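As the structure lists them, so they are numbered: ligands from 1, and atoms in each ligand from 1. Keep in mind that this is a model prediction, so the values were computed, not measured.
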Amino acid sequence: MAADAGGALTGDLVIRARRVVTPDGTRPATVRVSGGRIAQVGPFGGDQASGAGRGGGAGPGPDGAPVVTLAGDEVLLPGLVDTHVHVNEPGRTDWEGFASATRAAAAGGITTIVDMPLNSIPPTTHAGALRIKREVAAGRVHVDVGFWGGAVPGSTGWLPGLVGAGAFGVKAFLIDSGVPEFPPLDRDGLVAVMERAAALGSPVLVHAEDAALVGSAPGPAGHGYGAFLRSRPAAAEVAAIAAVIEAARRTGASAHVLHLSAADAVPLLAAARREGAAVTAETCPHYLALAAEDIPDGATEFKCCPPIRERANRELLWAALRDGIIDCVVSDHSPCPPELKRRGGGDFGAAWGGISSVQLALPVVWTGARRRGFSLDDVARWMAAGPARIAGLAGKGAIAPGRDGDLVAFAPDDGFVVDPARLYHRHPLTPYAGARLDGVVRRAWLRGLPVPAERPGGRLLARGEAAG
Ligand SMILES: [Zn+2]
């Protein structure tokens with residue numbers, strides 16, 4: 001970034017806090033950001049603190065950089081990394097878009113997102129489509145944005161170009177994706193994609209539900225949540241995840257299981273890890289916060305695939321996070337216009353499956369985590385370091401020298417009631433409406449600059465760029 005005498009445009013910043021969440025634990029510290037990157041994590045009372053205000057005050061530091069001292073109830077977190085966001089632009093921009101999705105992310109303490117390759121038109125299955133997405137997003141993003149590519153039948157030959165153009169990895173489905181332009185792979189197709197991806201050093205992300213098992217389950221039609229749940233059985237996730245693990249073993253590819261819902265698959269993942277297979281897994285806030293028993297019939301705002309399962313399953317997902325079998329928690333922000341959610345009739349068979357939560361992911365996860373005895377160090381591992389590692393974002397995900405100055409002032413003991421009118425998502429329909437959540441994002445910085453800002457300052461990231 002260009003030098004600027006006032007520090008205002010340079011991403012120079014000094015933040016002091018009694019609680020700074022670092023990779024080595026939470027401690028008092030002064031974080032110095034220079035040229036957009038973290039230059040130093042020093043003692044709380046260090047020299048650079050001179051001129052600092054108290055209780056959230058700001059003043060010029062010795063070299064002109066703004067100095068911010070967090071309020072006593074605020075914790076400094078690394079900017080979160082959400083590697084599972086469906087921005088849908090171009091093509092379905094009436095569902096969501098780069099400006100609205102990234103503004104919501106910034107408001108929620110997420111300073112990097114990685115966009116999913118489907119629901120936009122064209123889907124990001126070749127280099128030309130990635131170029132179109134980057135053109136549409138340029139100058140309109142409030143946080144840094146990377147892009148996953150996609151693999152569909154017949155697209156394997158496009159993968160080198162896609163990865164070469166900067167896609168962070170490739171996503172595939174083993175079941176109908178919900179949109180016709182992004183069909184699923186069969187098992188042989190998955191192996192072929194993994195072989196090619198292994199040669200490219202690119203991870204393969206899989207929506208793992210077995211199409212045949214879901215096809216033979218009773219249909220989801222009607223307004224009852226129980227019928228919808230039975231239509232996407234846990235066994236379908238387990239079978240598909242077994243196939244993903246087997247394909248990863250055969251090909252040597254890195255495989256990532258998207259949005260794990262069925263805790264029955266955790267032992268398989270644990271065994272694969274023990275044997276050294278390169279298989280990682282994520283889960284989502286809704287699987288950790290919500291439970292099938294509590295979902296009213298007709299409440300299609302709770303519909304997502306795989307589905308939210310029973311309370312006992314939910315507790316096993318928390319245990320898998322504790323044990324490190326699930327690596328990260330990401331939103332799977334997947335919006336659509338309210339009419340596609342069929343709120344009128346509440347038909348789970350007809351409604352679009354997807355939950356918008358990029359702005360709420362952190363407080364939703366923190367609310368559940370603290371009740372189970374987890375700390376903000378755990379949350380930072382699941383929502384910043386973990387996803388950054390899986391996407392290969394070396395400059396993101398931690399408060400440490402050399403990383404980007406992506407920082408969040410979070411008040412963990414403050415709380416709020418979710419008011420859909422205060423969400424920046426294009427469509428505020430949310431299963432969390434009216435929920436009381438713990439934790440308030442007070443401020444966020446991207447490479448040392450406050451976000452969201454009037455002028456969007458996010459960057460478009462590409463795989464293989466230098467960190468930062
Ligand atoms: Zn998704």
**Asked** With a cut-off of 2.8 Å, does His84 place any N/O/S atom under that distance from the Zn ion (ligand 1)?
**Response** yes
**Prompt:** Under a 4.0 Å N-O cut-off, is there an ion pair linking Arg381 with Asp378?
**Reply:** yes
**Request:** Check whether any N, O or S atom of His86, backbone or side chain, sits closer than 2.8 Å to the Zn ion (ligand 1).
**Result:** yes
**Asked** Between the side chains of His333 and Glu96, does any donor sit under 3.5 Å from an acceptor?
**Response** yes
**Prompt:** Relative to the Zn ion (ligand 1), which of the N, O or S atoms in Asp332 is the closest?
**Reply:** OD1
**Prompt:** For Arg250, does the CZ atom sit with more than 12 other heavy atoms under 6.0 Å from it, leaving out its own atoms?
**Reply:** no
**Prompt:** Under the 6.0 Å and 45° cation-pi test, does Arg103 pair with Tyr424?
**Reply:** yes
